Amino acid sequence: MRFSQAFIPTVKEVPKDAVDASHILLLRGGYIRMIGSGIYEMLPLGQRVLRKITHILREELDASGAQEVLMPALLPASYFQETGRWDVYGDVLMRLKDRRGGDYHLGPTHEEIITDMIRREVKSYRQLPQMLYQVQMKYRDEPRPRAGLLRCREFLMKDAYSFDTDIEAARGSYETMRETYKRIFDRLGLDYRVVEADSGSIGGDTSAEFQVLAQSGEDAIVACTNCDYAANVEVAEAKLDEGGEVDLSKTPERELVETPGAKTIEQVVAFFQKRDESFSAKRTIKSLLYAHGPEDSPTFAMALVRGDHDVNEIKLARFLGVDEVRLASDQEVGRVLRCKAGYVGPITQEEATFDGRVVADSSVAALADAVCGAAKTQYHYEHVALGRDFEAEVTPLRQVVAGDRCTECGGVLEAYRGIEGGHIFILGTHYSSKMNATFLGEDGEAQPIVMGCYGIGVTRLMAAAIEQHHDDDGIQWPMSIAPFEAVVLALGKDDEVKEEAKQIYDRLVEAGVQTLFDDRDERPGVKFKDADLIGIPIRVTLGRRTLDQGQAEMKLRSGGDAELYPIGDIVAQVTRVIGEADS
RNA sequence: CGGGGCGUAGCGCAGUUUGGUAGCGCGCACGGUUCGGGACCGUGAGGUCGGAGGUUCAAAUCCUCUCGCCCCGACCA
């Protein structure tokens, strides 16, 4: 492609509304444009990258035995109504009506549709297993689209679904996909971790996320420095804090202390540090009132963690045996405990009795002499201990943090931020039983098909790759997904230089190298800046000076110095670099 | 949904406090000089000031309503 004829509208200034590196660079490099909140156009460069990514996806999925299909994006409501997700999905579903008033929506994911496709055709165990996938736009009315392509309302996704006769076979499909995904993410040139994750509202029990490591990631994950264990902090486990008998013999009697204005752990610590400089949040108990169940008559439970820890709400909900919990409002705290939020504690005052469940993290059980809220506005207790001053059910309840010990091997856990690039699930019979997708087994009995589903956010990965591979000047694409493998710069207006550069370009194209030829009537600086911004991995530069020596220059966008080669060797050098990147 | 911010030329912004003929930089067009890291000089085109209503002799500026976008949080296969 000749740059002079290409539609690559690069921009010098940073667009006002972009904050994240990938968003800024995709906009500046002329890859994408926004036409509405969370809705983007793919310009030629962007579309080329997308095609590179989907090409890799298709190659690996086809090789694993999966077959590509294409389902509609526009869906009649009846399918989601069948499984209840028409209601469960709430505002996230992009809903619309046809001219007759019939309910429709745009597909946020396609479990129901593919299950219907299968149930209509599959009658016998002989027709299983099946693994189907598609690459298609998905629609979600996100509460808050953000960061360009990282969280959109319309986004390209590869979704795959497996159908097996029993759970063992389904596990096999899941493992196959897990390995396929690893090959895909490796080929995309991404630094990632496969982590244990929450299955969320899609249902099912076993799932893993493919997290692309990046500072700007929305997800917090931990990974063991010693073994393979890695998990989203939503579900991460850590070795329990040293249990054993807590020695209470030296713990003084509980004492009510007036702590004016000390509503946060920070303020409480500051207050007690006035008397004892060594006092820290590790000696406090943070008490939080949670609500669950119906909004109009919720049930309350109290969660206790050490002051320097955070409650893991997913663990709390699971322990309580409910779908989800939410923090009680200030009004609810006042009604239930007769004190203000900030002074909540497990030991209630006589004017209020708390009859809900009290759940404490195991680290709280290890405290022999702690400070906690007194459930009385402006007061805290000091010298309290679980088992002596109050009772609670003890369970791992807190969010795992860096420095915690791995449950598998005892190694130290490290914290990362990650971008969820892929998610694989074993769904079991969650959808097939609701939708009556059954087959006849060898014994002639009808039974529900066992399913799995596997997603990869294609547009999101395009942005994630940039979050991971860029510098101040622009993008540094991995070779496998770069819009072009090489760019040839012809410097100056010199016709001879231009002609020679054109010949290098022609020979590269002939050698099968995807090449962009910057033949524009621009000053050298502009061409260098654009080449860096767009991020093409290999840059070949020809100027008057190098031409006079019969040489051209090759430089890698990823770093290193520019090297001069005889013009006749340039093609071989470029193909060598591409070959090395492939292996 | 809660909190904060922003809508003025294609892009980035000033002008709004204190109403009085809409400006700057980049980009764009033309001419000239320049040509290995986003050149310089000159000339020029380009704006319903997000939209609607109101106050006023007069509104980008004041008032009311409304739409859109961004950030933090809540939320999120």
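Nothing here was measured: the structure is a model prediction, and the numbers come from that model.
The side-chain hydrogen bond (donor to acceptor under 3.5 Å, both in side chains) contacts involving residues 484-495 of chain A comprise A:Asp494-A:Arg544, where partners must be two or more places apart or lie in separate chains.
Looking at heavy-atom distances under 4.0 Å, A:Arg146 makes contact with a base. Among the atoms of the strands shown, base atoms are found under 4.0 Å from some heavy atom of A:Glu553. In this structure, A:Tyr161 reaches neither bases nor backbone, as no heavy-atom distance under 4.0 Å exists between it and the strands shown. Contact annotation for A:Leu489: no contact, since no heavy-atom pair falls under 4.0 Å across all strands. Contacts of A:Arg28 with the nucleic acid, taken as non-hydrogen atoms under 4.0 Å apart, include base atoms. A:Asp532 comes within contact range of at least one nucleobase, with a heavy-atom separation under 4.0 Å.
Across B:C41 and B:U34, the matching C1' atoms stand 11 Å from one another, rounded to whole Å. Distance noted for atom C1' between B:G27 and B:C13: 14 Å (whole Å). Annotation: B:U33 and B:U48 have their P atoms spaced 37 Å apart (nearest Å). Separating the P atom of B:G5 from that of B:A29 is a span of 40 Å, rounded to the nearest Å. For the P atoms, the distance linking B:G38 with B:C30 amounts to 24 Å, nearest Å. Distance noted for atom C1' between B:A22 and B:A14: 11 Å (whole Å). To the nearest whole angstrom, the two P atoms, one in B:G19 and one in B:C24, are 24 Å apart. Annotation: B:G7 and B:G50 have their P atoms spaced 8 Å apart (nearest Å).
For the residue pair A:Gln215 / A:Glu467, no side-chain donor-acceptor distance below 3.5 Å is found, with atom types taken as modelled. A:Glu60 and A:Thr180 share no donor-acceptor pair across their side chains, judged by distance under 3.5 Å alone. Side-chain N/O atoms of A:Tyr79 and A:His110 include no donor and acceptor closer than 3.5 Å.
In this structure, A:Asp91 places its CG atom 14 Å from C1' of B:A74, rounding to the nearest Å. In this structure, CD of A:Gln551 is placed 15 Å from C1' of B:G36, rounded to the nearest angstrom. One atom, CG of A:Asp518, and another, P of B:G38, lie 15 Å apart when rounded to the nearest Å. Atom pair A:Lys529:NZ and B:G38:P shows a separation of 6 Å (rounding to whole Å applied). Note: CG (A:Leu542) to P (B:G37) measures 16 Å, nearest angstrom. For the pair A:Leu149 CG and B:C70 P, the computed distance is 13 Å after rounding to whole Å. Regarding A:Lys555, its NZ atom lies at a distance of 14 Å from the P atom of B:G37, rounded to whole Å. Taking atom CG of residue A:Asp530 and atom P of nucleotide B:A39, one finds them 11 Å apart after rounding to whole Å.
Pairing for B:C35 is absent, judged as Watson-Crick or G-U wobble with the two contacts each under 3.5 Å. With a cut-off of 3.5 Å on both pairing distances, the Watson-Crick or G-U wobble partner of B:C28 is B:G44. Nucleotide B:A58 forms a pair with no other nucleotide shown, judged by Watson-Crick or G-U wobble geometry with both contacts under 3.5 Å. Base pairing annotation: B:G68 forms a Watson-Crick or G-U wobble pair with B:C6, both donor-acceptor distances under 3.5 Å. Using Watson-Crick or G-U wobble geometry with both donor-acceptor distances under 3.5 Å, B:C13 finds its partner in B:G23.
Within residues 5-24 of chain A, the residues that place at least one heavy atom under 4.0 Å from RNA chain B are, in residue-number order, A:Lys12, A:Glu13, A:Val14, A:Lys16, A:Asp17, A:Val19.
Place A:Arg544 and A:Arg153 on RNA chain B by their nearest nucleotides, and A:Arg544 ends up nearer the 5' end. Sequence order on RNA chain B of the closest nucleotides to A:Gly422 and A:Ala147 puts A:Ala147 first from the 5' end.
Note: A:His105 and A:Phe80 meet the aromatic proximity criterion, with ring centroids under 6.0 Å apart. Aromatic pair A:Tyr31/A:Trp477: centroids less than 6.0 angstrom apart.
Just one residue in the list A:Tyr104, A:Tyr139, A:Tyr89 forms a side-chain contact (heavy atoms from CB on, under 4.5 Å) with A:Met94, and that residue is A:Tyr139.
Counting distance only, with no hydrogens placed and no angle test, the side-chain atoms of A:Arg520 and the base atoms of B:G38 include no donor-acceptor pair under 3.5 Å. Counting distance only, with no hydrogens placed and no angle test, the side-chain atoms of A:Glu522 and the base atoms of B:G38 include no donor-acceptor pair under 3.5 Å.
Side-chain proximity of A:Leu491 to the nucleotides B:G36, B:G38, B:A74 is greatest for B:G36.
Under the 30°/60° scheme for interplanar angles, the aromatic rings of A:Tyr454 and A:Tyr181 are found to stand perpendicular.
The structure places CD1 of A:Ile504 at 5.0 Å from CG of A:Leu542, a figure rounded to the nearest 0.5 Å.
Note on A:Ser37: a side-chain N or O is less than 4.0 Å away from OP1 or OP2 of B:C70.
With hydrogens and angles disregarded, a donor-acceptor distance shorter than 3.5 Å links the side chain of A:Gln468 to the backbone of A:Leu213.
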